[in-house]
Amino acid sequence: MKFHLVTTEAKHERFLRLLAKDESWVVGFDTEAVGPARRYSKARDKPFLNMGYAALQGFSIALPNEEVFYYPLRHRKQNAKWRWAEAAWEALPLSVWAHNVKFDSRLMEQEGFNIDGVEWLDSMLAAWLHYGRNSEISLKYLAKEVLDRESPEWQGSLIDKTGAEVLEYVCHDALNTLQLGEYLWEKLTPRLRKTLGEVETPFAVELGRMEARGIKLDLEKLEATMGTLADGNLTTDQAEWDELTDIIPGDPGSYISPNSAKQLQEFFLDGTWVERGTTSTGAFKTGKDTLEYNEKNAQTETGRRLAELCLRIRAAKKVKGTYLDGFYEEMRQWPDRRIHAELHQLVARTGRLSSSNPNIQNQLARGEYAPFLKQCYVADEGELFVSADYAQIELRLFAELAGGTLLQAFLDGVDLHQRTADALAESREDGKKFNFAFLIYGGGPGKASREFGWTFTEAKEKIAAIAAEYPEAQAFREKVITRVLRRAPVPFVRTKAGRLRWVPELRPNEWKVRDPEAYQKKHDYLIKEYKIDPYEEVQWGDFAGWLAVDRAMRMSGERIAVNTIIQGSAADLAKLGMVNFAREADRSLMRIVTMVHDEVLCSSFSGAAQSCAKLLKQHMEQAGPFMGYSVPILAEPQIGKTWFDVHG
DNA sequence: GGAATAGGCGCC
DNA sequence: AAAGGGCGCCTATTCC
């Protein structure tokens, strides 16, 4: 390997000559950036750059002949000319490997480099797809594991370093990226190569753009509307609460805080409230379900009123803390004072997106405060929001995979939530709830009896009734589990796009031996969550002789297996739809703002809103047949000035 | 005093 | 008792 620091025209020209020699070359690419750290609400060991103030320090390009060129741009002493860097960038071949394309593509675009001609390939995503894990895929880790190469140690910031001082480090990274990419490409199945190249990597580029553009939130209006409402509610509710909880009149220390589960125990002990189960630590539950029950069923008028007040005060405080104070802290750290939520492609085990700082995926959708919040997400000047939701996407995919009358129902346009409701003799709302919890997620009678207020026996009967109504649903679950269980040594499932999730829970006894630490973690979680005696053995049924905790683990694995196929495949579908939309959309007219699992929020210049809506609907729906589904996939777009106007 | 945990709750 | 999947963030409390 040979590392070149491009500080002279001769070096630059050597790079261009080498690149021109072989048009089929694929390169490895890595950027270096400097800037202030992003402020986090929770402390992190390594706070990431605040991209709003970050700058490109230089970039390195590795060639297949193991020559690597570094273009220093903002270093002490000698740098390359920006003209050379631009020419080098333009001369790159079509395919470029980078480790974390979301970052590199965003930084390059932010610095004014045109990235449209690049077909990125992300070696981090390749490792994720190949190994089916979302940790231990850092460049450093993989360079050691796959290439048996130690990365040079690095200390401190690049800001005060010369190009020569960082040369070895940055060139290693680009070369490792290229060689890792080539290695993983050989390992990937044809389907996963397609997923990497045509969906996940282009999706990463779009995520970078979504993060960079951010979303405008009218915080002043939010304070004036939602904030004022919450303050008003809090003042009156808190006053009444204080009066009712002033156990020793005149002694402020005798008040009970609605947010303190510990202090609220008092109300169960003195009979004010009726208990509804205990937490893992043995305390009475004080959550929403318990309090809603007490709102109706507490013994005294005071008890009922206190339950209601407690819920109202908690809601108001949550709104103030999360959606007013929290948002201010987030927005204040960006030069444009917008919301720049981070969107994570590799966090959720099913392949869904996750979001943080702030979490843009938990914006209020129902309740007293919801309209005010979403009305304050406003399209930019001269633009309109265009948003489309996939209709019942997970239930459709479940029906597709289960087939039979379930699939036929969708083909015939039957309302499945109503059908379930009829079979249960309950409301459509409860039919919908039931479909999710017990058809897709595999919930049991205990949960159902609590959720719907049935006795345990009733719940068992109702679940049996639904199983009879949709025999293919149970058959599908069993087929999946039987098939997945045969995969040894570690059972795994695949989503429609071929993404992998290991499900060691399905074979607890083997997991225990192979990876005691990971097993123990899940073991501990289960015994705590479900209050299982760790030594209890199952006496009867299919699992006789097993530890009860292992049976719980196995059943958890069964739910994970089925759900990952459904939820993960829905994520695959949404990503494909977004990538195809983004590729066809004219970026000077329209863009994706964010996505919330089955909803894609776009912004478009007002005059182009109709065509944006049409294009969005077309690509979101076409993703269905592209992925081989026969069940109708529907996405209905709406146009409006605020997120509230286009939602639901 | 800061870090970690628990309980709780927002979303799909 | 046969237990719903996937996330992130807040406050209160406890630990060190």
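Quick note on labels: first sequence line is chain A, next is B, and so on, each numbered from 1.
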- [ ] Is it possible for you to check whether A:R133 lies under 6.0 Å from the centre of the six-membered ring of A:Y131, through NZ or CZ, and within 45° of that ring's axis?
- [x] yes
Open item on the list: Need one value for A:R349: base, sugar-phosphate or nothing, where a base atom within 4.0 Å counts as base even if backbone is also close, heavy atoms only.
Closed with: sugar-phosphate
Open item on the list: Can you see if the side chain of A:R559 gets near the phosphate of C:dG5 - specifically, an N or O under 4.0 Å from OP1 or OP2?
Closed with: yes
TODO: Give one of base, sugar-phosphate or nothing for A:R501, where a contact means two heavy atoms less than 4.0 Å apart.
DONE: sugar-phosphate
Task: Touch class at under 4.0 angstrom, heavy-atom based, for A:K528 against every strand present - done: sugar-phosphate
Task: Nearest listed nucleotide, side chain of A:S257, among C:dG8, C:dA12, C:dA2 - done: C:dA12
Open item on the list: Side-chain N or O of A:K317 versus OP1/OP2 of B:dC9: is the shortest distance under 4.0 Å?
Closed with: no
Open item on the list: Classify A:I440 by what it touches in the nucleic acid, base, sugar-phosphate, or nothing, heavy-atom distance under 4.0 Å.
Closed with: nothing
- [ ] Determine: side-chain N/O of A:T322 to OP1/OP2 of C:dC9, distance under 4.0 Å, yes or no.
- [x] no
- [ ] Just compare B:dG7, C:dG4, C:dA2 and give me whichever is closest to any side-chain atom of A:T281.
- [x] B:dG7
Open item on the list: Check for me whether A:K496 meets the cation-pi criterion with A:Y629, that is, NZ or CZ under 6.0 Å from the six-membered ring centre and within 45 degrees of the ring axis.
Closed with: yes
Task: A:K531 atom NZ, neighbour heavy-atom count above 12 within 6.0 Å - done: yes
- [ ] Check the angle between the aromatic planes of A:F434 and A:W454 and answer parallel, tilted or perpendicular using the 30° and 60° thresholds.
- [x] tilted
Open item on the list: Whether the side chain of A:Q567 and the base of C:dG6 hold a donor-acceptor pair under 3.5 Å is what I'd like checked.
Closed with: no
- [ ] Identify which nucleotide among C:dA3, C:dG4, C:dG6 has an atom closest to any side-chain atom of A:A437, counting heavy atoms from C-beta outward.
- [x] C:dG4
- [ ] List the atom of A:K617, the atom of A:A635, and the distance in Å for their closest heavy-atom pair.
- [x] CG-O, 3.3 Å
Task: N or O in side chain of A:S355 less than 4.0 angstrom from C:dC7 OP1/OP2 - done: no
- [ ] Using heavy atoms to find the nearest nucleotide of DNA chain C for A:F543 and A:G321 separately, return the residue whose nucleotide is more 5′.
- [x] A:F543
Open item on the list: Looking only at the side chain of A:D598 (C-beta and beyond, no hydrogens), which of the listed nucleotides B:dC12, C:dC9, C:dG6 gets closest?
Closed with: B:dC12
- [ ] Figure out the CG/P separation between A:N259 and B:dA6, and round it to whole Å.
- [x] 18 Å
Open item on the list: Tell me the interatomic distance from A:Y328, atom OH, to C:dC10, atom P, rounded to whole angstroms.
Closed with: 16 Å
Open item on the list: Just to be sure I understand the rule, does A:E394 reach a base, reach only the sugar-phosphate, or reach nothing, if contact means heavy atoms closer than 4.0 Å?
Closed with: nothing
Open item on the list: Less than 3.5 Å apart, any donor N or O on the side chain of A:D645 or A:T642 sitting next to an acceptor on the other?
Closed with: yes
- [ ] Measure from the side chain of A:Y441, starting at C-beta and using heavy atoms only, and say which of C:dG4, B:dC12, C:dA3 lies closest.
- [x] C:dG4
TODO: Please confirm whether any donor atom in the side chain of A:K447 sits under 3.5 Å from an acceptor in the base of C:dG4, or the reverse.
DONE: yes
Open item on the list: Let's test your reading of the model: under 3.5 Å, does the base of B:dC9 pair with the side chain of A:R314 as donor and acceptor?
Closed with: no
Open item on the list: As a test of reading the structure: which of B:dC11, B:dG7, C:dG6 is closest to the side chain of A:R366, going by heavy atoms?
Closed with: B:dC11
Open item on the list: On DNA chain C, does the nearest nucleotide to A:K318 precede the nearest nucleotide to A:G442 from the 5' side, or the other way round? Give the residue.
Closed with: A:G442
Open item on the list: So A:V319, base contact, sugar-phosphate only, or nothing? Heavy-atom distance under 4.0 Å.
Closed with: nothing
TODO: Measure from NZ on A:K262 to C1' on C:dT13 and round the result to the nearest Å.
DONE: 7 Å
